[in-house]
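These numbers were taken from a predicted model, which means no experiment stands behind them. To find a chain, count down the sequence lines: A is the first, B the second, and so on, and within it residues start at 1.
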Protein chains: 2
Amino acid sequence: MLKANLTNPNPEQLRTFLTEHLKDDTCLIQVASECAINYTGRAASTAQAGDYLVLIKNDRCVQVHGPKGVKPVNWQPKTNRITTSIEDGLVVLKAERYSPKEIVNIIFLEPALALALTFRDHKGAVLTGSEAQMRSALARDPSVIEPGLIVLHEELPVKVGGVDLYARDQQGRFVVVELKRAKATQEAVHQLHRYVQEVSKRVPQEVRGILAAPSITNPAMAQLNMLGLEFVKVTALPAGDEENKQVSLFG
Amino acid sequence: MLKANLTNPNPEQLRTFLTEHLKDDTCLIQVASECAINYTGRAASTAQAGDYLVLIKNDRCVQVHGPKGVKPVNWQPKTNRITTSIEDGLVVLKAERYSPKEIVNIIFLEPALALALTFRDHKGAVLTGSEAQMRSALARDPSVIEPGLIVLHEELPVKVGGVDLYARDQQGRFVVVELKRAKATQEAVHQLHRYVQEVSKRVPQEVRGILAAPSITNPAMAQLNMLGLEFVKVTALPAGDEENKQVSLFG
DNA sequence: ATTTCTATGTCGGGA
DNA sequence: TCCCGACGTAGAAAT
């Protein structure tokens, strides 16, 4: 896994190291160094000199991590070109993206460590409890929402977006269901309202709107009532479900 | 900056290393290893064995990086407790968060490298071009949006959310301005529409709605026209601005 | 602690 | 490519 490493490299060594390993797209490159970083593109930012960890992954996306938080201080999700140079005796790495036009510039003021790690490619993570999973589970068994409900469409595209579940209730009324995997906010209520209005234009009958989520904020609940819409509690990860229990068990 | 390192450690060595350096909140810990990762909390995920880079920052947030993308495969933004143990001869790191209740479990199957890096704390990055900056700039000089516009409120809270700019035009009509720092979508149009409707309830006069953004998607533009709302082009980073030019210049 | 909103959001999917 | 919406969004600010 460890392909190469370099401690306290001088600029020439570091630049050679980077040039060399940037050619290999099976390896992740890392430099721990005092850096100055500059970004221009969708916005612009400048970071004063400080200690940072620079990661360049197999897919050549770049991220610069400071000592705090999950988010990098600077990053570039996709790079079209990475170039290195030596300016004023310091190694400069330039990560460019063409569309949108963005540049991240990293000056290595005092590199302490450079690493190249060979990353074998591997299966990604399997996620349980996503909205898509909730949706197909509810489409299979809509009685969780309400007895007698019949699902007509999953992900029905309407002009203003996509209706998560389109159904018919026991009395034959059409039902629009908006699904949220986390606590529902006012935004979700408005989204549901839009869909109900849109569907109402197209069918003569009354259209019900149901917001299905594990919980809802107080302002959202008030808004929901005012608009004559309904809330149904639905959990993403049913605690008692035997199948899910097995998936969740670990160690 | 390099505090300690360990290559191909055995489980006891790795565990001692982690225990030792987890005490020091001025250092960032890193382990490159074949791992199996498991998360339960807001959702649940399991990652098959593969090569990963595990970062534990000064603030004890944890992130596990795969070979692709800016986003970690698994992470924990805030940890209340990090524990290590040896199970079946393998080091297991458990990062817990109490609220919401979340656990990330990392099993180090074949650690190749463990590092501890001392990160001096440092100034954060200075960002230019945020929506907040745009807003205050426009509040100072609303003529950019329209000559004769007078801003009455910045961030005016309405029941359905916050109006970015609330103003009055030359003819005395009230104007609701919705601001977007990036390309405006249909969602932004609906948001503006909601605000205009809400404000219309409270004032007798006609209320104008302006969407101010650097650009707008085609469907959003169509929707905007249909609702009788307006679009004004506003860039977050004015290209010709001398001050900004200097900030943007680099290397 | 809860709610809301921004973000260089990132990422994936669909037309 | 553009466009849209989910996300374990993260993180900050206001309540």
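One finds no side-chain N or O of B/Gln186 lying less than 4.0 angstrom from the OP1 or OP2 phosphate oxygen of D/dC3. OP1 or OP2 of D/dA10 sits under 4.0 Å from a side-chain N or O of B/Trp75. Proximity of B/Arg42 to the phosphate of D/dT9: a side-chain N or O atom is located under 4.0 Å from OP1 or OP2. Proximity of B/Arg181 to the phosphate of C/dG9: a side-chain N or O atom is located under 4.0 Å from OP1 or OP2.
As a whole-Å value, the separation of A/Leu192 CG from D/dA6 P is 13 Å. The CG atom of A/Leu179 sits 9 Å away from the P atom of D/dC7 (whole-angstrom rounding). Following rounding to the nearest Å, B/Arg97 (CZ) and D/dA10 (P) show an atom-to-atom distance of 6 Å. Protein atom CD of B/Glu155 is 10 Å distant from nucleotide atom C1' of C/dT6, rounded to whole Å. Between A/Met134 atom CE and D/dA6 atom P the separation is 12 Å, expressed in whole Å. The CD atom of A/Gln63 sits 15 Å away from the P atom of D/dA10 (whole-angstrom rounding). Following rounding to the nearest Å, B/Glu154 (CD) and D/dA13 (C1') show an atom-to-atom distance of 15 Å. Separating the CG atom of A/Leu127 from the C1' atom of C/dG12 is a distance of 13 Å, rounded to the nearest angstrom.
Between C/dT4, C/dA7, D/dC4, one nucleotide has an atom nearer to the side chain of A/Thr217 than all others, and that is C/dT4.
The residue among B/Thr185 and A/Lys68 whose nearest nucleotide of DNA chain D is located toward the 5' end is B/Thr185. Where A/Lys78 and A/Lys183 meet DNA chain C, the nucleotide closest to each residue was compared, and A/Lys183 sits on the side nearer the 5' end. If A/Ser99 and B/Tyr39 are placed on DNA chain D by their nearest nucleotide, the residue sitting closer to the 5' end is A/Ser99.
Ionic pairing of B/Glu102 and B/Lys78 is not present here: no N-O contact between side-chain nitrogen and carboxylate oxygen is shorter than 4.0 angstrom. Electrostatic pairing of A/Lys180 and A/Glu178 counts as a salt bridge here, judged by a charged N lying under 4.0 Å from a carboxylate O.
Atom-to-atom distance recorded for B/Asn38:CG and B/Cys35:SG is 12.5 Å, nearest 0.5 angstrom.
For D/dG5 and D/dT9, the C1' atoms lie 13 Å apart once the distance is rounded to whole Å. Nucleotides D/dG11 and C/dC11 are separated by 15 Å at their P atoms, to the nearest Å. One P atom belongs to C/dT4, the other to C/dT8, and the distance between them is 22 Å to the nearest Å.
A/Asp51 and A/Ser33 are not linked by any side-chain donor-acceptor pair at a separation below 3.5 angstrom, with hydrogens and angles left out of the test.
No contact: B/Pro100 has no heavy atom under 4.0 Å from any strand. Among the heavy atoms of the strands, none lies under 4.0 Å from A/Gly129. Residue A/Gln76 is classed as having no contact, given no heavy-atom separation below 4.0 Å to the nucleic acid. At the heavy-atom level, A/Ser130 lies under 4.0 Å from the strands shown only through sugar-phosphate atoms. Among the atoms of the strands shown, only primed sugar atoms or phosphate atoms (P, OP1, OP2) are found under 4.0 Å from some heavy atom of A/Asn218. When heavy atoms are screened at a 4.0 angstrom cut-off, A/Glu131 is found touching the sugar-phosphate backbone but no base atom. Nucleic acid contact class of A/Pro77 (heavy atoms, under 4.0 Å, all strands): sugar-phosphate only. Among the heavy atoms of the strands lying under 4.0 Å from A/Lys180 are primed sugar atoms or P, OP1, OP2 only; no base atom is included.
With respect to B/Ile56, the side-chain contact (heavy atoms from CB on, under 4.5 Å) criterion is satisfied by exactly one of B/Ile82, B/Val31, B/Thr79: B/Ile82.
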Trace of the salt bridge (charged side-chain N to carboxylate O under 4.0 Å, His left out) decision for B/Arg181 with B/Glu131: CA-CA 5 Å; B/Arg181 67 164 310 289; B/Glu131 186 183 297; over 6 Å; no
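Annotation: A/Glu155, atom CD; neighbour count of heavy atoms from other residues, nucleotides and ligands within 6.0 Å is above 12.
Counting atom types as modelled, B/Glu187 pairs no side-chain N or O with a base atom of D/dG5 as donor and acceptor under 3.5 Å.
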